[in-house]
Asks: 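Right, I'll just put the structure down here and ask away after.
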Amino acid sequence: MIQIKTIEEYHLAYQKSKNNPNEFWEEIASEFVWKSKWTQVMEYDFLKGHSVWFKDAQLNITENCIDRHLAHNGTKIAIVWEPNNPSESGISLTYNELSLKVNQAAAILKKNGVKKGDRVCLYMGMIPELSIAMLACARIGAIHSVIFGGFSAQSIADRLIDAQASVIITCDGAFRGDKVIPLKSVVDDALNTYQLIDKVIVVARTHTPVSMIKGRDIWWKDELQELEKEGILFVEPEPMDAEDPLFILYTSGSTGKPKGVVHSSAGYMVWAHYTFVNVFQYESQYKHFCTADIGWITGHSYIVYGPLSAGATTVIFEGVPTWPDAGRLWDVVDKYQIDILYTAPTAIRTLMGAGLSFFSDKNLNSLKILGSVGEPINEEAWHWLDTHIGKGRCPIVDTWWQTETGGILISNLAGVTPSKPSFATIPLPGIFPILLDENGHEITEANITGHLYIKQSWPGIIRTTYNNHHRCVEAYFSTHKGYYFTGDGSFRDENGNYRITGRVDDVLNVSGHRIGTAELENAINSHAGVIESAVVAFPHAIKGQGIYAFVVVEDSQFTQEHSPLDIVATVSRLIGPIAKPDKIQIVKALPKTRSGKIMRRILRKIAEGELDSIGDTSTLLDPKVVEEIIQNVV
Ligand code: WTA
């Protein structure tokens, strides 16, 4: 485990990653188990969106996340699972037990015809079988594509079509707080649209009634029983090329449908590991609790691959922070004596709002490091976390990164480099950020905001968007040639600390979840009677950003006969409950320029309630439209 332990070491590592990147990364990569070594550490060409790391090397990530720990740490707990309902008992799996389960799951997949390179879609709740299924795919070289449980059947179908998946693993249902989500039934609806699925493997969790189609749908536990009869305990890990895809994860952008972000086998592993051990200053006795859902990149990198690659104990929590009450997370922390707690500003703000009574009886003394991810953390939430949870003695890391970056790019290193409330602070070794203005000129002055780009490749960078490299180049490498565009704005202070100010493209960040406005508008426009719509964000006390939709409908009867709630139902059906608009305003027309472009800037100001700064409306086709909208804000 190569760790930076002092600020001087950080500066040395940063300089080395700049001046001698080959040697720098070679040393870090040498710690892993490889089937054969690389011929070249890296090559990249941002003009083509091309990155190769550890060229020609062969490995299997599961040997690094599981097998290599067995000799010395086989009896160490790898996964702690805490169920939704505190009265149900949890499960702990040692590395030995995890190994057996992953091998068995790999055997199940093989038996059902899954081969190297096949795409396997996982639509599951937060149960150990989800990580086991991911690792089982990785063991046999299949590419997993996890879909968050808050997405609809239509969203699943879109992803299945794009990935041309052959197998789905799902659950009968998932528990989340006081709800049961009927996952299998949502999958069944998706499969009405996409029929190229060979097998649906179902894990029983909620015992919700499910329809099982003969020849297609099978129970995970039946398959396991078969294997046990046959005595299969081991599946040879498939040798993977360093650049073979490990997984696809769909994420929203500013245009069209979500993109399938593809991560590699070797570079992703090295990056998830390096960032995990350094940012959180992981030590071998630490228990790590990341509260994200595995359906997002944070769960992939910091519940599964990062911690397991380091031989850590990682917690999977099925429930929600507010059920049965707002003390639930703190109970989990105390129950397992958690050392590292990695969570999101939305969760922090929700728990802040619940009041202090929910943790007055909690101990929280095991905590050593706190982390935040997903959206800018406001100073109030930062101080609350510091005072009430960290009790002033736990460093807080504010980690900035993206689905496309594979792991953390900008963050302080816990207790090693200084923190600054609401700043992600400084880049990790190997990360060279640059701020550009709208014309692509570099901003070198301090205390100015610009658009955040990255100058050079790093091991965890997105390799392509599945089946469409052109889209990858367009989205990330074309805004200003030769740079990776993050889509975020950032302020940089005189000490080089970055404060991420939020998206500068048409992407919303709702409760830390990315939602493209184009995708939302397409969904709203599919609703009967809707002519057009424009979606913008407004500041939301808990979610960070809320969704405000301005909608033009066919006739004036619409608002009486149909409620905007019908539109919400359509969005929920087409994208999923996570994308439900918070506010819908039916308007006569949208403000447009004479050339027909929607003036979102004006709508944003209205949604933010900043009516004084709407600015000049005289260039609009019909300035009266704005007055009408202002009079009827919701
Ligand atoms: C935002 C999540 C401010 C940012 C890992 C980014 C943040 C998007 C932070 C990626 C942070 C993430 N401070 N903003 N610490 N972390 N973001 O792909 O806008 O779900 O572009 O990855 O979240 O979201 P994604």
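Not measured: the values here are computed from a predicted model.
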Asks: Closest approach of Asn525 and Ser533, non-hydrogen atoms and distance?
Replies: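 Where Asn525 meets Ser533 most closely, the heavy atoms are OD1-OG, 2.7 Å.
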Asks: Just by distance, no angles: are the side chains of Ser309 and Asn64 close enough, under 3.5 Å, to form a donor-acceptor pair?
Replies: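 There is no such pair (donor and acceptor under 3.5 Å, judged by atom type) between the side chains of Ser309 and Asn64.
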Asks: For Glu519, enumerate each residue passing the salt bridge (charged side-chain N to carboxylate O under 4.0 Å, His left out) test, keeping only those at least two apart in sequence or located in another chain.
Replies: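 Partners of Glu519 by the salt bridge (charged side-chain N to carboxylate O under 4.0 Å, His left out) criterion come out as none, since no residue qualifies.
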Asks: Holding to side-chain hydrogen bond (donor to acceptor under 3.5 Å, both in side chains), I want the full list of residues that pass it with Lys543, two or more places apart in sequence or in another chain.
Replies: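 Lys543: side-chain hydrogen bond (donor to acceptor under 3.5 Å, both in side chains) contacts with Asp582.
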Asks: Determine, stepwise, if the pair Tyr476 / Thr465 fulfils side chain to side chain contact (heavy atoms under 4.5 Å, CB included).
Replies: CA-CA 10 Å; Tyr476 306 109; Thr465 46; 4.3 Å; yes
Asks: Would you say the ring centers of Phe289 and Tyr336 fall short of 6.0 Å from each other?
Replies: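 Not under 6.0 Å, so no.
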Asks: Restricting to side-chain contact (heavy atoms from CB on, under 4.5 Å), what partner residues turn up for Glu129, sequence neighbours left out?
Replies: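 Met124, Ile127, Val203, Trp220.
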Asks: Looking at residues at least two apart in the chain, or sitting in another chain, which of them share a side-chain contact (heavy atoms from CB on, under 4.5 Å) with Glu97?
Replies: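 By the side-chain contact (heavy atoms from CB on, under 4.5 Å) rule, Glu97 matches Leu93, Thr94.
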Asks: Please check if the number of heavy atoms outside Lys179 that lie under 6.0 Å from its NZ is greater than 12.
Replies: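 Counting other residues, nucleotides and ligands, NZ of Lys179 stays at 12 neighbours or fewer.
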Asks: Examine Phe485 together with Phe477 and report whether their ring centres are nearer than 6.0 Å.
Replies: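 No, they do not, as the ring centres are separated by 6.0 Å or more.
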Asks: Can you name the closest pair of heavy atoms from Arg139 and Thr62 and give their distance?
Replies: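 Between these two residues, the closest heavy atoms are NH1-OG1, 2.8 Å.
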Asks: Quick one: does any side-chain atom of Thr517 pair with a main-chain N or O of Asp506 as donor and acceptor, under 3.5 Å?
Replies: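 Indeed, once roles are kept as given, a pair shorter than 3.5 Å links the two residues.
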Asks: Under 3.5 Å, is there a donor-acceptor pair between the side chain of Asp505 and the main chain of Ser254?
Replies: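 Such a contact is absent between Asp505 side chain and Ser254 backbone.
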Asks: Would you check if there is a donor-acceptor pair between the side chains of Asn85 and Trp323 at a distance under 3.5 Å?
Replies: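 The criterion, which ignores hydrogens and geometry beyond distance, is not satisfied for Asn85 and Trp323.
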Asks: Just checking, is any N or O donor in the side chain of Tyr484 or Thr405 under 3.5 Å from an acceptor N or O on the other one?
Replies: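 Result is no, nothing qualifies.
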Asks: Do side-chain atoms of Trp53 reach the backbone of Trp458 as a donor and acceptor pair under 3.5 angstrom?
Replies: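 Looks like yes, one N/O pair under 3.5 Å.
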Asks: Hey, is Glu375 close enough to Arg349 for a salt bridge, meaning N to O under 4.0 Å?
Replies: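 A salt bridge links Glu375 with Arg349.
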Asks: Are any non-hydrogen side-chain atoms of Arg573 and Thr570 less than 4.5 angstrom apart?
Replies: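 They are not in side-chain contact.
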Asks: Do Leu130 and Leu122 have side chains that get closer than 4.5 Å, going by heavy atoms?
Replies: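 Yes. Closest side-chain heavy atoms under 4.5 Å.
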Asks: Kindly state whether the ring of Tyr282 and the ring of His288 have centres lying under 6.0 angstrom apart.
Replies: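 So the answer is no for these two rings.
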Asks: Out of Val551, Ile547, Val571, which residue meets the side-chain contact (heavy atoms from CB on, under 4.5 Å) rule with Val535?
Replies: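 The option that passes is Ile547.
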Asks: Strictly below 4.0 Å, N to O, side chains only: are Glu238 and Lys110 in salt-bridge contact?
Replies: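 No salt bridge links Glu238 with Lys110.
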Asks: Any pair with a residue in residues 195-210 that passes salt bridge (charged side-chain N to carboxylate O under 4.0 Å, His left out), sequence neighbours left out, goes on the list, sorted by first then second residue, please.
Replies: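 Qualifying pairs, neighbours excluded: Glu88-Arg205, Arg205-Glu318.
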Asks: Taking the six-membered ring for Trp and the full ring for Phe, Tyr or His, determine whether the centres of Tyr268 and His300 are under 6.0 Å apart.
Replies: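 Between His300 and Tyr268, which both carry aromatic rings, the centre distance is not below 6.0 Å.
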Asks: Taking the side chain as every heavy atom from C-beta outward, state whether Ile168 and Val120 have any atom pair closer than 4.5 Å.
Replies: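 Ile168 does not reach Val120 side chain to side chain.
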Asks: Does the structure place the NZ or CZ of Lys259 under 6.0 Å from the centre of the six-membered ring of Tyr466, at an angle of no more than 45° from the ring's axis?
Replies: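 No cation-pi geometry.
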Asks: Judged by atom type as modelled, is there a donor-acceptor pair below 3.5 Å linking the side chain of Tyr342 to the main-chain atoms of Thr291?
Replies: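 Not a single qualifying donor-acceptor pair exists.
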Asks: Please check if any side-chain donor atom of Thr275 sits under 3.5 Å from a side-chain acceptor atom of Tyr302, or the reverse.
Replies: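 Their side chains do contain a donor-acceptor pair, which is all the 3.5 Å distance test asks for.
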Asks: Just grab all the salt bridge (charged side-chain N to carboxylate O under 4.0 Å, His left out) pairs involving residues 459-476, residues at least two apart or on different chains.
Replies: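 The answer is Glu243-Arg463.
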Asks: Do His144 side-chain atoms and Leu135 backbone N/O form a donor-acceptor pair below 3.5 Å?
Replies: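 No, because the side chain of His144 does not come within donor-acceptor range (under 3.5 Å) of the backbone of Leu135.
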Asks: Only counting residues at least two apart or in another chain, list the ones meeting side-chain contact (heavy atoms from CB on, under 4.5 Å) with Ile143.
Replies: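 With neighbours one apart ignored, the set is Arg119, Pro245, Ile248.
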Asks: Answer whether the closest heavy-atom distance between the side chains of Leu308 and Tyr95 falls below 4.5 Å.
Replies: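 They are in side-chain contact.
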Asks: State which residues pass salt bridge (charged side-chain N to carboxylate O under 4.0 Å, His left out) with Lys257; sequence neighbours excluded, sorted by chain then number.
Replies: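 Testing Lys257 for salt bridge (charged side-chain N to carboxylate O under 4.0 Å, His left out), a comparison that skips the adjacent residues, returns Asp158.
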Asks: Among all residues two or more places apart in sequence or in another chain, which pass the salt bridge (charged side-chain N to carboxylate O under 4.0 Å, His left out) test with Lys115?
Replies: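 Residues passing salt bridge (charged side-chain N to carboxylate O under 4.0 Å, His left out) with Lys115: Asp118.
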Asks: Treating Asp244 as the side-chain partner and Met240 as the backbone partner, does any N or O pair qualify as donor plus acceptor under 3.5 Å?
Replies: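 No.
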Asks: Can a side-chain donor-acceptor contact be found between Trp401 and Ser411 if the only test is distance below 3.5 angstrom?
Replies: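 Side chains of Ser411 and Trp401: no pair found under 3.5 Å.
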Asks: Can you list the residues that meet the salt bridge (charged side-chain N to carboxylate O under 4.0 Å, His left out) rule with Glu521, with sequence neighbours excluded?
Replies: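 Applying salt bridge (charged side-chain N to carboxylate O under 4.0 Å, His left out) to Glu521 gives Arg600.
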Asks: Only counting residues at least two apart or in another chain, list the ones meeting side-chain contact (heavy atoms from CB on, under 4.5 Å) with Asp217.
Replies: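 Residues passing side-chain contact (heavy atoms from CB on, under 4.5 Å) with Asp217: Lys184, Asp188, Val200, Met212, Ile213.
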Asks: If only atom types and distance count, is the side chain of Asp172 paired as donor or acceptor with the main-chain N or O of Val210 below 3.5 Å?
Replies: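 Such a contact is absent between Asp172 side chain and Val210 backbone.
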Asks: Check whether any side-chain heavy atom of Arg328 lies under 4.5 Å from a side-chain heavy atom of Phe317, and answer yes or no.
Replies: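 Of all side-chain heavy-atom pairs linking Phe317 with Arg328, at least one is under 4.5 Å.
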Asks: Using the salt bridge (charged side-chain N to carboxylate O under 4.0 Å, His left out) rule, collect all pairs that involve residues 140-152, keeping only residues at least two apart or in two chains.
Replies: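 Residue pairs passing salt bridge (charged side-chain N to carboxylate O under 4.0 Å, His left out), neighbours aside: none found.
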